[in-house]
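Read the structure below first, then the notes.
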Amino acid sequence: MTAILSNLQATREAILQAALAAHRGPEEVQLLAVSKTFPAQAVREAFQAGQVAFGENYVQEAVEKIEALRDLPLVWHFIGPIQSNKTRLIAENFLWVHGVERLKIAERLSAQRPDQLPPLNICLQVNVSGEESKSGVDAEALVQLALQVVQLPRLNLRGLMAIPAPTDDVAEQRRQFAKVRTLFDALKSEGLSLDTLSMGMSHDFTAAIHEGATMVRIGTAIFGKRDYGEKI
Ligand SMILES: *Cc1c(COP(=O)(O)O)cnc(C)c1O
């Protein structure tokens with residue numbers, strides 16, 4: 001058995017256990033495998049182990065991988081920070097974009113989404129940690145942004161994404177994720193039909209599942225430690 005296969009099996013089992021412990025159905029939580037910095041071959045192996053949805057952070061690296069894996073029916077999610085000069089490549093190559101935090105970026109993605117492709121699925125990134133350095137829209141500005149994004153013709157607003165400040169304190173992890181969940185519920189009570197709460201990474205996905213995550217983004221636990229090399 002390869003490491004990727006056994007890691008995937010262990011991750012799926014951990015997701016299942018977390019869902020059961022939270023009295024949720026395991027089918028309510030989707031696994032997004034974060035393949036950034038890992039080669040196309042690693043993605044191919046994960047696909048052979050049944051994984052279809054993959055997340056990438058760096059546009060150039062991702063586009064090369066997507067090109068090399070065109071023979072597979074993969075679903076690509078862009079989860080990194082979005083620079084406005086990269087929106088066209090993102091709109092042309094991905095089915096999902098997490099991490100939208102500004103109207104201008106959303107407008108560009110909508111305008112640049114090719115007509116022959118389905119609308120681009122969008123999660124707005126919210127800042128729940130309140131640190132100035134953290135990205136994401138503030139809670140106060142979220143409703144307005146969501147109501148604007150939902151008007152854009154080539155986007156399909158699906159929900160929220162968050163990356164809370166990392167901590168080993170599980171109670172604190174849950175407190176941060178619960179805040180995201182509250183914002184998600186508030187948007188739904190504005191009349192928006194949202195179904196995706198993208199939160200939880202290798203170190204905190206159990207807490208995220210307890211607080212309602214519908215999509216966990218997991219890299220290290222599946223592919224191993226990343227070597228950023230010249231990336232940063
Ligand atoms: C890298 C990354 C992940 C995966 O993180 P791991 O700790 O390796 O599981 C998830 N989400 C985002 C936005 C990332 O950049």
Side-chain angles (χ1 to χ4, degrees), residues 3-4 6-15 18 29-39 42-43 45-46 49 51-63 65-66 74-83 86 90 93-102 105 109 120-129 131 133-137 158-170 172-173 176-177 180 184 196-232:
I4 290 175
S6 64
N7 289 346
L8 256 176
Q9 286 177 348
T11 302
R12 287 184 190 129
E13 178 62 24
I15 291 171
V29 186
Q30 290 181 47
L31 171 58
L32 179 63
V34 177
S35 47
K36 65 181 178 214
T37 78
F38 289 94
V43 174
E45 254 181 61
Q51 181 65 31
V52 171
F54 292 88
E56 288 282 336
N57 288 52
Y58 310 105
V59 178
Q60 205 50 53
E61 175 198 339
V63 167
K65 243 178 265 184
I66 291 169
L74 304 178
V75 175
W76 292 99
H77 295 236
F78 189 77
I79 62 173
I82 307 166
Q83 292 161 352
K86 295 285 166 55
I90 295 170
N93 285 282
F94 290 82
L95 186 59
W96 285 75
V97 183
H98 307 225
V100 173
E101 54 177 355
R102 285 191 290 145
I105 293 289
L109 289 170
L120 193 54
N121 296 300
I122 300 292
C123 291
L124 299 178
Q125 185 173 352
V126 285
N127 178 3
V128 283
S129 312
E131 298 159 53
S133 60
K134 278 278 167 189
S135 42
V137 59
R158 298 293 295 269
L160 298 181
M161 178 272 213
I163 313 174
T167 168
D168 293 333
D169 177 350
V170 174
E172 177 60 16
Q173 292 174 0
Q176 299 292 328
F177 289 131
V180 187
F184 183 64
T196 304
L197 201 43
S198 162
M199 58 188 195
M201 304 170 35
S202 293
H203 66 285
D204 59 8
F205 69 86
T206 301
I209 290 169
H210 273 277
E211 298 301 339
T214 68
M215 200 180 284
V216 290
R217 309 177 310 267
I218 301 185
T220 310
I222 297 171
F223 295 106
K225 248 181 137 49
R226 285 181 290 275
D227 176 4
Y228 282 95
E230 72 281 11
K231 274 262 145 43
I232 295 178

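What you see is a predicted model; the values in this text were computed from it and never measured. Read the numbers this way: they start at 1 and go in the same order the structure lists the ligands and their atoms.
- The shortest heavy-atom contact between Glu61 and Ser35 is OE2-O, 4.2 Å.
- Taking a 6.0 Å sphere around CG of Asp168, one finds it holds 12 or fewer heavy atoms contributed by other residues, nucleotides or ligands.
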Measure and list all N/O to N/O distances between ligand 1 and the protein that fall under 3.5 angstrom.
residue: ligand 1; atom: 8 (O); partner: Thr220; partner atom: N; Å: 2.8
residue: ligand 1; atom: 8 (O); partner: Thr220; partner atom: OG1; Å: 2.5
residue: ligand 1; atom: 8 (O); partner: Arg226; partner atom: NH1; Å: 2.7
residue: ligand 1; atom: 8 (O); partner: Arg226; partner atom: NH2; Å: 3.1
residue: ligand 1; atom: 9 (O); partner: Ser202; partner atom: N; Å: 3.0
residue: ligand 1; atom: 9 (O); partner: Ser202; partner atom: OG; Å: 2.5
residue: ligand 1; atom: 9 (O); partner: Gly219; partner atom: N; Å: 2.8
residue: ligand 1; atom: 11 (N); partner: Arg217; partner atom: NE; Å: 2.9
residue: ligand 1; atom: 15 (O); partner: Lys36; partner atom: NZ; Å: 2.7
residue: ligand 1; atom: 15 (O); partner: Asn57; partner atom: ND2; Å: 2.7

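- Neither side chain, Gln9 nor Glu13, offers a donor N or O lying under 3.5 Å from an acceptor on the other.
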Discussion item. Determine whether Val43 and Lys65 satisfy the following criterion, side-chain contact (heavy atoms from CB on, under 4.5 Å), listing intermediate values before the conclusion.
Written reply: CA-CA 9 Å; Val43 174; Lys65 243 178 265 184; 4.2 Å; yes
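- Once rounded to the nearest 0.5 Å, the distance linking CZ of Phe205 with CG of Leu31 reads 8.5 Å.
- When each of Ile90, Leu95, Asn57, Leu120 is checked for a side chain to side chain contact (heavy atoms under 4.5 Å, CB included) with Phe78, only Ile90 meets the rule.
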